[in-house]
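To find a chain, count down the sequence lines: A is the first, B the second, and so on, and within it residues start at 1. What's counted below: heavy atoms across the whole structure, side chains too, no hydrogens, waters or symmetry copies.
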Number of protein chains: 2
Amino acid sequence: MEEEPHIMSDDLMTIRQMCDAFDVTPRTLRFYEARELIFPQRRGQHRLYDRRDRARLKLILRGKRFGFSLEQIRQLLELYQPGGANGSQIAATIAIARERLDDMERQHAELQVAIADLKNQLSDAERRLAAASLEQPTG
Amino acid sequence: MEEEPHIMSDDLMTIRQMCDAFDVTPRTLRFYEARELIFPQRRGQHRLYDRRDRARLKLILRGKRFGFSLEQIRQLLELYQPGGANGSQIAATIAIARERLDDMERQHAELQVAIADLKNQLSDAERRLAAASLEQPTG
DNA sequence: GCGCAGGTTGACGCGAACGTAAGCGAGACG
DNA sequence: CGTCTCGCTTACGTTCGCGTCAACCTGCGC
């Protein structure tokens, strides 16, 4: 008698299933929850993660790979949750998102340079390696 | 009588000049030195940074922006310092550099996706904002 | 009932990358 | 001469992102 058709019983996952699916630890998921980045529902004591939680987690992990702090990510996530936010809320979120977007575009451009640079250094090093192996042929 | 023509008296900079030039603190420079990422010469007690030190610092700060650890960066820097390394040393450095390069290329590709994604979310949010300002015209 | 696996809540610990404060030269300046 | 500014070292403090450990609940299989 507790089967409320909330909105849609998204296929729910336990914390362990989440950990296996995303290669994180339970500690990490609870930590993100404490920092208010995800909000799994509770069946009694246990956490249950739905489709939205998974989408959020995916974005969190992505953001981390780009070097964003959890707080920055938290702010960005509001953009992905069209919750009943008012105009100024939306505007604020948009402003933050624009900053992040700028960061990402700068990083994208700089990465391109750095990659080219590193490739050059690599081929130089490979030439040195070839030269070294000629001088001292591997016994 | 202490003017030894070391190799080339690259225009030397004090720690403060470096800090101003690169927007870091003295603490940071000394920390990088302790971690063996830069090796400024000493005039008496004072540190003096030459062109190479500046090039290294530039790479360090770049690497940091991509989220690399100081240790990873330290290893990469060997690639940029054709010091008298032997064959296996060079080979090891090359291997490490290849891994970093892979990281960077993955990140570059993923960034492209994330940027497109974020742009979409942004335009969605902007539409919501427009809609909200129609429903509740700013009094 | 009993143990056990799986989950939960604190609380403390830890490594990375510095910040910060204390105290000590050493040269420049009035 | 005093004192100011730079810089140096030593050492403890801090923030972030979790790891780790203890202690507890809780359904389940026997």
Side-chain angles (χ1 to χ4, degrees), chain A residues 1-3 11-50 53-54 56-77 100 103, chain B residues 1-3 11-50 53-54 56-77 96 100 103 107:
Chain A
M1 282 286 207
E2 298 193 2
E3 312 288 284
D11 22 53
L12 299 173
M13 291 174 59
T14 74
I15 201 171
R16 182 111 305 277
Q17 291 172 323
M18 288 291 281
C19 292
D20 293 348
F22 290 91
D23 193 30
V24 295
T25 68
R27 179 68 178 92
T28 299
L29 291 180
R30 296 189 197 110
F31 184 74
Y32 291 166
E33 187 179 348
R35 293 304 196 79
E36 304 191 344
L37 285 113
I38 39 180
F39 312 94
Q41 18 181 311
R42 295 294 184 106
R43 173 104 74 201
Q45 275 289 68
H46 295 26
R47 292 167 170 84
L48 287 177
Y49 300 82
D50 62 15
D53 296 319
R54 288 192 287 279
R56 291 191 137 233
L57 182 53
K58 198 173 168 184
L59 287 169
I60 294 169
L61 298 177
R62 170 189 281 179
K64 283 202 50 181
R65 266 172 261 136
F66 300 151
F68 292 152
S69 74
L70 292 184
E71 174 56 21
Q72 288 177 324
I73 295 170
R74 191 189 62 73
Q75 294 173 344
L76 256 187
L77 280 174
R100 291 299 131 258
D103 288 351
Chain B
M1 284 284 211
E2 296 191 2
E3 312 288 285
D11 21 53
L12 299 173
M13 292 173 60
T14 74
I15 201 170
R16 181 111 307 274
Q17 291 173 324
M18 288 290 282
C19 292
D20 293 347
F22 290 92
D23 193 32
V24 294
T25 68
R27 179 70 179 90
T28 299
L29 291 180
R30 296 188 198 111
F31 184 76
Y32 291 166
E33 186 179 345
R35 293 305 197 76
E36 304 190 341
L37 284 112
I38 38 180
F39 311 95
Q41 15 180 314
R42 294 294 184 105
R43 174 106 72 198
Q45 274 288 67
H46 295 26
R47 292 167 171 83
L48 288 176
Y49 300 83
D50 62 16
D53 295 319
R54 289 193 286 279
R56 292 192 137 229
L57 181 54
K58 197 174 168 185
L59 287 169
I60 293 169
L61 298 178
R62 170 190 279 178
K64 283 203 52 183
R65 266 172 261 137
F66 300 150
F68 292 151
S69 74
L70 292 185
E71 174 56 20
Q72 288 177 324
I73 294 171
R74 192 189 61 74
Q75 294 173 344
L76 256 187
L77 280 175
I96 290 176
R100 292 299 130 256
D103 288 350
Q107 201 171 350

Polar pairs (N or O, both sides) under 3.5 Å between protein and nucleotides 3-7 of chain D?
from: D:dG7; atom 1: OP1; to: B:Thr14; atom 2: OG1; distance (Å): 3.3
from: D:dG7; atom 1: OP2; to: B:Arg16; atom 2: NE; distance (Å): 3.4

Worksheet item: What pairs with A:Glu71 under salt bridge (charged side-chain N to carboxylate O under 4.0 Å, His left out), at least two apart in sequence or on another chain?
Response: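 If we apply the salt bridge (charged side-chain N to carboxylate O under 4.0 Å, His left out) test to A:Glu71, skipping adjacent residues, the hits are A:Arg74.
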Worksheet item: Taking only residues two or more places apart in sequence or in another chain, which ones pass salt bridge (charged side-chain N to carboxylate O under 4.0 Å, His left out) with A:Asp103?
Response: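 With neighbours one apart ignored, the set is A:Arg100, A:Arg106.
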Discussion item. What's the separation between atom CG in A:Asp53 and atom CE in A:Met18, rounded to the nearest 0.5 Å?
Written reply: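 Going from the CG atom of A:Asp53 to the CE atom of A:Met18 covers 6.0 Å.
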Worksheet item: Can you tell me how far CD1 of B:Ile96 sits from CD of B:Gln75, rounded to the nearest 0.5 angstrom?
Response: 4.0 Å
Taking side chain to side chain donor-acceptor pair (under 3.5 Å) as the test, write out the residues that go with [X], two or more places apart.
X	answer
B:Thr25	B:Thr28
B:Arg62	A:Asp117
B:Arg56	none
A:Thr14	none

[N] [atom2] sits how many Å from [X] [atom1], rounded?
X	N	atom1	atom2	result
A:Gln41	C:dT8	CD	C1'	17 Å
B:Asp23	C:dC18	CG	P	12 Å
A:Tyr49	C:dG6	OH	C1'	13 Å
B:Leu61	C:dA17	CG	P	13 Å
A:Arg42	D:dC25	CZ	P	16 Å
B:Leu37	C:dA16	CG	C1'	13 Å

Response to the item:
DNA chain D in dot-bracket form (Watson-Crick or G-U pairs under 3.5 Å, [ ] crossing, | inter-strand) is ||||||||||||||||||||||||||||||
Nucleotides 15-19 of chain D: which of its N/O atoms have a protein N/O under 3.5 Å away?
from: D:dG17; atom 1: OP1; to: A:Leu70; atom 2: N; distance (Å): 3.1
from: D:dC18; atom 1: OP1; to: A:Lys64; atom 2: NZ; distance (Å): 3.0
from: D:dC18; atom 1: OP2; to: A:Tyr32; atom 2: OH; distance (Å): 2.7
from: D:dC18; atom 1: OP2; to: A:Lys64; atom 2: NZ; distance (Å): 2.5
from: D:dG19; atom 1: OP2; to: A:Thr25; atom 2: OG1; distance (Å): 2.6
from: D:dG19; atom 1: N7; to: A:Arg27; atom 2: NE; distance (Å): 3.1
from: D:dG19; atom 1: O6; to: A:Arg27; atom 2: NE; distance (Å): 3.3
from: D:dG19; atom 1: O6; to: A:Arg27; atom 2: NH2; distance (Å): 3.0

Practice prompt. Provide the closest heavy-atom pair for B:Arg43 versus B:Leu48 in the form atom of the first, atom of the second, distance.
Written response: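 That closest heavy-atom pairing would be CB-CD1, 3.5 Å.
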Discussion item. Just to verify, what does B:Leu61 make a side-chain contact (heavy atoms from CB on, under 4.5 Å) with, not counting sequence neighbours?
Written reply: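 Scan of B:Leu61 (side-chain contact (heavy atoms from CB on, under 4.5 Å), adjacent residues dropped) gives B:Phe22, B:Val24, B:Tyr32, B:Leu57, B:Arg65.
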Fill in: Pairs flagged by salt bridge (Lys or Arg N to Asp or Glu O under 4.0 Å) wherever residues 19-28 of chain B is involved - sequence neighbours left out
B:Arg16-B:Asp20
